[in-house]
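Each chain gets a letter, A, B and so on, in the order its sequence line appears, and its residues count up from 1.
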Number of protein chains: 2
Amino acid sequence: MPEFQHDGKVYYNPIEFALSHIGGTWKMPILWRLRDKTLRYGELKKDIPHITHKMLTTQLKDLEASGLIHRQVYAAVPPKVEYSITEKGKEALPVVETLIRYGKKLMKEYGIEHP
Amino acid sequence: MPEFQHDGKVYYNPIEFALSHIGGTWKMPILWRLRDKTLRYGELKKDIPHITHKMLTTQLKDLEASGLIHRQVYAAVPPKVEYSITEKGKEALPVVETLIRYGKKLMKEYGIEHP
DNA sequence: CTGAATCCTGTTAGATACTG
DNA sequence: CAGTATCTAACAGGATTCAG
């Protein structure tokens, strides 16, 4: 499996490449919440209680930069910003779904209650 | 989504829990290579060219600790150690498969040749 | 309300050398 | 052949402060 480059970074396999887009602790939880609805920044923040302000803003920025979500700004006071998933972002949903199912299965095996 | 604990660490959702088992750069590539055959340490090392010695040993250790792979030591000189996937490890394969498919799709969209 | 900038910390991962 | 130990660089992530 030869290496390849994208955006000045070297990747060694499709797994690594995919995880560079949707990996990390927060990107998939965010995508999952946007799967069927548009949410404001504050709604996302409230829905993902343990995420910090910084993590949410940086992850949203990353997801927008890679085209997985869309950022809509409304010129108003106070500011209003809505986030929605793009067609490209929807392509990642099967991965998220599979991973959630696996995570729940693991939790069940360990006797952890499903949230 | 309430938090929960496992092994002294706090998790906030099934995604995070799943990724603690099979996340990171190397665990899924390793599991994928063991999906249908037993491999020696050196064979894995050769099959995943860019992984460092340290990363391979630590990741194998992690995967064994979480019961996803089995480590078989043969008392011989020179040493011979074989790794194989467990039934529990096989439960993670759908995730790996979905992620590989998504990664390849992404690569295609970016005009990157499939390895 | 949303976001940017700064500082600080713990973890991850690479290079290298050593062991049975 | 397989694994361990140490040192260090890079990065992820948290807390805090300031801004439009």
Of Glu43(A) and Gly24(B), whose nearest nucleotide on DNA chain C comes first from the 5' end?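 Its nearest nucleotide lies further toward 5', so the answer is Glu43(A).
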Contact under 4.0 Å: [X] side-chain N or O vs [N] OP1/OP2:
| X | N | value |
| --- | --- | --- |
| Arg71(A) | dG3(C) | yes |
| Tyr83(B) | dG3(D) | yes |
| Tyr41(A) | dA4(C) | no |

Answer yes if Val10(B) and Ile48(A) sit in the same cluster of Ile, Leu, Val, Met, Phe, Trp and Tyr residues linked by side chain heavy atoms under 4.5 Å apart, and no otherwise.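 Both belong to a single hydrophobic cluster.
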In whole angstrom, give the distance that lies between atom [atom1] of [X] and atom [atom2] of [N].
| X | N | atom1 | atom2 | value |
| --- | --- | --- | --- | --- |
| Leu19(B) | dT11(C) | CG | P | 18 Å |
| Glu16(A) | dA13(C) | CD | P | 11 Å |
| Lys46(A) | dC1(C) | NZ | C1' | 14 Å |
| Leu56(A) | dC1(C) | CG | P | 14 Å |
| Lys9(A) | dA13(C) | NZ | P | 11 Å |
| Gln72(A) | dT2(C) | CD | P | 14 Å |
| Lys27(B) | dT12(C) | NZ | P | 9 Å |
| Leu44(A) | dC1(C) | CG | P | 14 Å |

Using five base pairs at each end to define the local axes, how bent is the helix from dC1(C)-dG20(D) to dG20(C)-dC1(D), to the nearest 10°?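 If I round to tens, the end axes sit 40° apart.
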Rounded distance (nearest 0.5 Å) linking atom [atom1] of [X] with atom [atom2] of [Y]:
| X | Y | atom1 | atom2 | answer |
| --- | --- | --- | --- | --- |
| Glu91(A) | Leu68(A) | CD | CG | 9.0 Å |
| Leu63(A) | Leu34(A) | CG | CG | 8.5 Å |
| Leu44(B) | Leu60(B) | CG | CG | 6.0 Å |
| Tyr102(B) | Leu93(A) | OH | CG | 9.0 Å |
| Thr57(B) | Lys45(B) | OG1 | NZ | 10.0 Å |
| Arg40(B) | Glu82(B) | CZ | CD | 7.0 Å |

For the side chain of [X], starting at C-beta, report the closest nucleotide among [options].
| X | options | answer |
| --- | --- | --- |
| Val81(A) | dT4(D), dT2(C), dA2(D) | dT2(C) |
| Arg40(B) | dT2(C), dG3(D), dC1(D) | dC1(D) |
| Thr25(B) | dA13(C), dG3(C), dC1(C) | dA13(C) |

Nucleic acid contacts of residues 58-66 of chain A, taken as heavy-atom distances under 4.0 Å to DNA chain D: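 Per residue number, the list is empty: none.
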How is Tyr74(B) classified with respect to the nucleic acid when contacts are heavy atoms under 4.0 Å: base, sugar-phosphate, or nothing?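 Tyr74(B): no heavy atom of the nucleic acid under 4.0 Å.
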Heavy-atom check, side chain of Leu99(A) versus side chain of Met28(A), under 4.5 Å: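 Sidechains of Met28(A) and Leu99(A): in contact.
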Enumerate the residue pairs fulfilling ring pair (Phe, Tyr, Trp, His ring centres under 6.0 Å) with a member in residues 65-89 of chain A, sequence neighbours excluded, ordered by first and then second residue.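 The answer is none; no pair qualifies.
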What residues form a salt bridge (charged side-chain N to carboxylate O under 4.0 Å, His left out) with Lys90(B), not counting sequence neighbours?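 Here the qualifying residues are Glu87(B).
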Tabulated below should be each protein N or O lying under 3.5 Å from an N or O of nucleotides 14-17 of chain C; please produce it.
residue, atom, partner, partner atom, Å
dG14(C), N7, Lys54(B), NZ, 3.4
dG14(C), O6, Lys54(B), NZ, 2.3

Using the test side chain to side chain contact (heavy atoms under 4.5 Å, CB included), find all partners of Ser20(B) that sit at least two apart in sequence or belong to another chain.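 Expected list: Tyr11(B), Phe17(B).
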Starting from the C-alpha separation in whole Å, work towards a yes-or-no answer on salt bridge (Lys or Arg N to Asp or Glu O under 4.0 Å) for Glu109(B) and Lys105(B). CA-CA 6 Å; Glu109(B) 287 176 15; Lys105(B) 191 170 186 176; 5.6 Å; no
